[in-house]
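Everything below concerns the one structure shown next.
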Amino acid sequence: MKADSLMTEVILTYPHQFLGKIQLDWRPQPGNYFELEGQTYAVLETHHHYRYQVGGYCLNKISLYVQIAQPPTEKSLLDGRWIVGDINCRFNAHSEILRCAVNPEGPCQNCHFFDIKN
């Protein structure tokens, strides 16, 4: 186990199911995608669990609440973060998880709702 890796519990949001514990050397945030046993998941929530040690609290483990997802094929960089979909469309949600309100599953290419924002 690497010194900077954390015990991470993975919990499927719906249907509620404990998927297991893994060691991660990075700290996933909502909107991130990762693979576990060949399945891709989107992170919806992270819960941090701390424990007290001499001198203060330290991060002990993380719980990830996830949903099964397909990794997005369309991403755009906006203000230093990756969002799903084409940011040139006025319906884009500017979100790491949701593409847009009218066509959330995508793709943006050939979408009949695509409308270039002014």
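- In terms of hydrophobic clustering, with Ile, Leu, Val, Met, Phe, Trp and Tyr side chains grouped at heavy-atom distances under 4.5 Å, Tyr33 and Ile68 are assigned to different clusters.
- Not a single side-chain hydrogen bond (donor to acceptor under 3.5 Å, both in side chains) links Asn92 to another residue, sequence neighbours left out.
- Taking the six-membered ring for Trp and thresholds of 30 and 60 degrees, Tyr65 and His47 have ring planes inclined between 30 and 60 degrees apart.
- Leu19 contributes atom CG, which lies 10.0 Å from atom CG of Leu64 (distance to the nearest 0.5 angstrom).
- Nearest heavy atoms, Leu6 versus Arg27: CD1-NE, 3.6 Å.
- Between the OH atom of Tyr50 and the CG atom of Leu59 there is a distance of 5.0 Å, given to the nearest 0.5 Å.
- Under the 4.5 Å side-chain criterion, counting only non-hydrogen atoms from C-beta, Ser95 is not in contact with Val84.
- In this structure the side chain of Ser63 never reaches within 4.5 angstrom of the side chain of Thr46, judged on heavy atoms.
- A search for ring pair (Phe, Tyr, Trp, His ring centres under 6.0 Å) contacts involving His48 returns nothing, not counting sequence neighbours.
- The two atoms that bring Gln39 and Ala69 nearest to each other are NE2-O, 4.2 Å, heavy atoms only.
- For the atom pair Arg99 CZ and Cys111 SG, the distance stands at 9.0 Å (nearest 0.5 Å).
- The stretch residues 29-48 participates, sequence neighbours left out, in no salt bridge (charged side-chain N to carboxylate O under 4.0 Å, His left out) pair at all.
- The NE2 atom of His94 sits 10.5 Å away from the SG atom of Cys100 when rounded to the nearest 0.5 Å.
- No continuous path of hydrophobic side-chain contacts links Phe113 to Ile87 [ILVMFWY only; heavy atoms under 4.5 Å].
- Proximity of Phe34 to Ile22: side-chain heavy atoms (C-beta onward) are separated by under 4.5 Å at one or more points.
- Identified under the salt bridge (charged side-chain N to carboxylate O under 4.0 Å, His left out) test for residues 48-64, with sequence neighbours left out: Glu9-Lys61.
- By the 4.5 Å heavy-atom criterion applied to side chains, Leu44 and Pro30 are not counted as neighbours.
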Which pairs of donor and acceptor atoms, one on a side chain in residues 10-17, lie under 3.5 Å apart (sequence neighbours left out)?
| unit_1 | atom_1 | unit_2 | atom_2 | d |
| --- | --- | --- | --- | --- |
| Thr13 | OG1 | Val66 | O | 3.1 |

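- Residue Ile62 holds its CD1 atom at 8.0 Å from CD of Gln29, rounded to the nearest 0.5 Å.
- Listed by chain and residue number, nothing satisfies the ring pair (Phe, Tyr, Trp, His ring centres under 6.0 Å) test with Phe18 (two or more places apart in sequence, or in another chain).
- Under the 4.5 Å side-chain heavy-atom criterion for grouping Ile, Leu, Val, Met, Phe, Trp and Tyr, Ile83 is not connected to Phe91 through any hydrophobic cluster.
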